[in-house]
Amino acid sequence: MKNVLCARCIRCGKTYEPTPGLTTCACGGILDIEYDYDFIKQSATKAFFASCQERTMWRYRAFLPIEPQTPLPPLRVGATPLYDVPRLAKAAGIARLWLKDDGLNPTASLKDRASALAVVKAREAGAHTVACSSTGNAASSLAGNAAAAGLPAVIFVPSRAPQGKVAQLLIFGATVISVEGSYEDTFRLSAQAIEEYGWYNRNAAVNPYLMEGKKTVAFEIAEALGWEMPDYVAVSVGDGCTIAGVYKGFYDLHAAGLIERIPRLLSVQAAGCWPIHRALRENAPLRPMEENTLADSIAVGVPRNPDKAMNAIRASHGVTVEVTDEEILAAMRLMGRTCGVFGEPAGVAGTAGVLKAAAQGLIESGASVVSIVTGNGLKDTANGIRAAGEPIRMPPDMRRLRQALQERGVAQ
Ligand SMILES: *Cc1c(COP(=O)(O)O)cnc(C)c1O
Ligand SMILES: [Zn+2]
């Protein structure tokens with residue numbers, strides 16, 4: 001990989017050869033992949049992207065830590081739409097708003113970007129099986145991307161994992177281990193098994209390549225906006241890998257001379273679980289917090305990648321805001337009605353954060369904002385109905401229909 005210099009520990013600074021099986025530093029710190037931007041600049045030019053025909057995340061392989069000969073996996077990950085949504089911008093009271101709908105990835109979340117890269121690295125490592133533990137989207141995206149590439153997957157989930165996501169795992173043919181215990185117990189069992197059987201490890205914040213896949217969402221946003229940056233990019237935050245990846249993507253583009261400035265991050269956590277924001281505001285070490293929110297994908301009381309997330313928020317001069325479950329459901333409804341985009345609770349939390357930050361004057365009314373929809377609402381229909389209400393129920397009777405429509409002012 002001529003574009004990669006090394007992997008560096010963000011805690012102690014020790015550097016490593018970027019081998020495909022990299023995990024964490026000997027000191028326990030998380031590794032970060034460092035690039036040779038002078039080399040990347042030679043091929044990753046605006047002219048190259050203007051003529052590039054590849055319509056997946058692999059369009060940006062100049063910035064990705066993969067060997068040139070490794071075959072790319074078959075699922076179409078990335079190239080999700082960026083919608084200009086003036087009605088939602090108006091409702092938020094800001095000048096300009098775009099939605100990046102990453103719920104349209106193959107397994108319906110942004111996690112596909114990380115899992116697709118993990119599958120490539122697993123192949124480079126010569127792995128026979130990939131594994132991870134997760135409560136939701138990381139698991140279903142690994143299972144789907146591994147299935148498409150013909151790699152067996154072993155997935156550990158806590159027994160309370162939501163059924164929709166478990167259905168995805170089973171359909172993709174993963175070996176699903178449902179652990180009677182907490183997520184922490186699940187994680188520990190998976191780590192032991194991975195060690196014992198030598199499977200390829202896709203656990204968040206252990207594998208440094210995952211974030212490199214996630215950063216491709218920032219490349220797509222930048223390119224879709226003609227390399228002109230918005231003022232803010234809103235992201236919902238659980239473990240912290242996604243927001244760190246978004247920052248890394250903009251950092252890469254800036255270092256390669258493709259954009260002039262890095263947008264400010266609007267970091268959004270749930271009001272019932274905001275350990276990263278608390279640590280930032282108190283300028284104190286991270287303390288665990290209860291997981292009190294219906295947004296299951298960001299209900300992370302002990303984040304696994306807080307340092308990279310906090311570095312990213314600080315470095316971008318970011319803004320932090322917490323949203324209640326009611327605000328998440330309201331944003332889900334409003335996004336559906338004004339944009340035709342359906343996100344899962346954690347998927348709309350970023351937009352709920354935009355609405356709240358604008359209302360509180362944390363971002364200016366003249367601001368331009370991109371909000372990333374990180375997961376599809378069909379993964380969690382119960383909360384969708386909770387947000388939107390019930391249908392009009394009636395027997396098959398035209399008279400009753402007229403009456404009901406008239407009462408609601410629908411039939412004019
Ligand atoms: C994983 C996830 C997030 C948060 O990403 P982290 O890396 O855990 O911060 C947000 N939304 C959805 C839908 C997710 O699946
Ligand atoms: Zn270290």
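Remember, it's 1-based here, ligands and their atoms both numbered in the order they're listed. Along the sequence shown, residues are numbered consecutively beginning with 1. Everything quoted here is computed from the prediction, not taken from an experiment.
The cationic group of Lys14 lies under 6.0 Å from the six-membered ring centre of Tyr16 and within 45° of the ring axis, placing it in a cation-pi geometry. Cation-pi check for Arg304 over Phe187 is met; the charged atom lies under 6.0 angstrom from the ring centroid and within 45 degrees of its normal.
The closest protein non-hydrogen atom to atom 5 (O) of ligand 1 is Thr242 OG1, 2.7 Å. At the shortest separation from atom 11 (N) of ligand 1 among protein heavy atoms lies Thr374 OG1, 2.7 Å. The nearest heavy-atom contact from the protein to atom 1 (C) of ligand 1 is Lys111 NZ, 1.3 Å.
Under 4.0 Å is where a charged nitrogen must lie from a carboxylate oxygen, and between Lys2 and Asp36 no such pair does. Between Asp102 and Arg113, at least one side-chain N (NZ, or NE/NH1/NH2) sits under 4.0 Å from a carboxylate O, which counts as a salt bridge. A salt bridge links Glu223 and Arg59; the closest N-O separation between the charged side-chain nitrogens and carboxylate oxygens is under 4.0 Å. With respect to the salt-bridge test (charged N to carboxylate O, under 4.0 angstrom), the residues Asp325 and Arg386 do not qualify.
The residue Ser109 has no part lying near ligand 1, judged by heavy-atom distances below 4.0 Å. Only the side chain of Ile298 comes within contact range of ligand 1, with a heavy atom under 4.0 Å; no backbone atom does. The backbone and the side chain of Asp239 each have at least one atom closer than 4.0 Å to an atom of ligand 1 (non-hydrogen atoms only).
The shortest side-chain heavy-atom distance between Ser297 and Glu344 falls under the 4.5 Å cut-off.
Which parts of ligand 1 touch Cys241 is read off a 4.0 Å heavy-atom cut-off, strictly below it: atoms 6 (P), 7 (O), 9 (O). For ligand 1, the atoms closer than 4.0 angstrom to any heavy atom of Gly375 are 13 (C). The distance from ligand 1 to the heavy atoms of Lys214 drops below 4.0 Å at these ligand atoms: 7 (O). If you number the atoms of ligand 1 from 1 as listed, the ones under 4.0 Å from a heavy atom of Ser236 come out as 4 (C), 10 (C), 11 (N). Proximity to Val237 (heavy-atom distance under 4.0 Å) selects the following atoms of ligand 1: 9 (O). Those atoms of ligand 1 with a heavy atom of Glu344 less than 4.0 angstrom away are 13 (C). Numbered from 1 in the order shown, with element, the atoms of ligand 1 that lie under 4.0 Å from a heavy atom of Gly238 read 4 (C), 6 (P), 8 (O), 9 (O). Short contacts between ligand 1 and Asn137, defined as distances under 4.0 Å to a heavy atom of the residue, involve ligand atoms 13 (C), 14 (C), 15 (O).
Aromatic ring orientation, Phe156 versus Trp199: tilted (interplanar angle from 30° to 60°).
None of Asp101, Leu104, Leu110 except one satisfies the side-chain contact (heavy atoms from CB on, under 4.5 Å) rule with Val373; the exception is Asp101. Of the candidates Asn137, Val77, Asn145, Thr374, Lys111 forms a side-chain contact (heavy atoms from CB on, under 4.5 Å) with just one, namely Asn137.
Inspection of the environment of the Zn ion (ligand 2) yields the following protein N, O or S atoms under 2.8 Å: Cys9 SG, Cys12 SG, Cys25 SG, Cys27 SG.
Annotation for Glu282: atom CD counts as buried by contact number, over 12 foreign heavy atoms lying within 6.0 Å.
Between the OG1 atom in Thr216 and the CG atom in Asp112 there is a gap of 10.5 Å [rounded to 0.5 Å].
Counting only N and O atoms by type, the side chains of Lys100 and Ser371 include no donor and acceptor under 3.5 Å apart.
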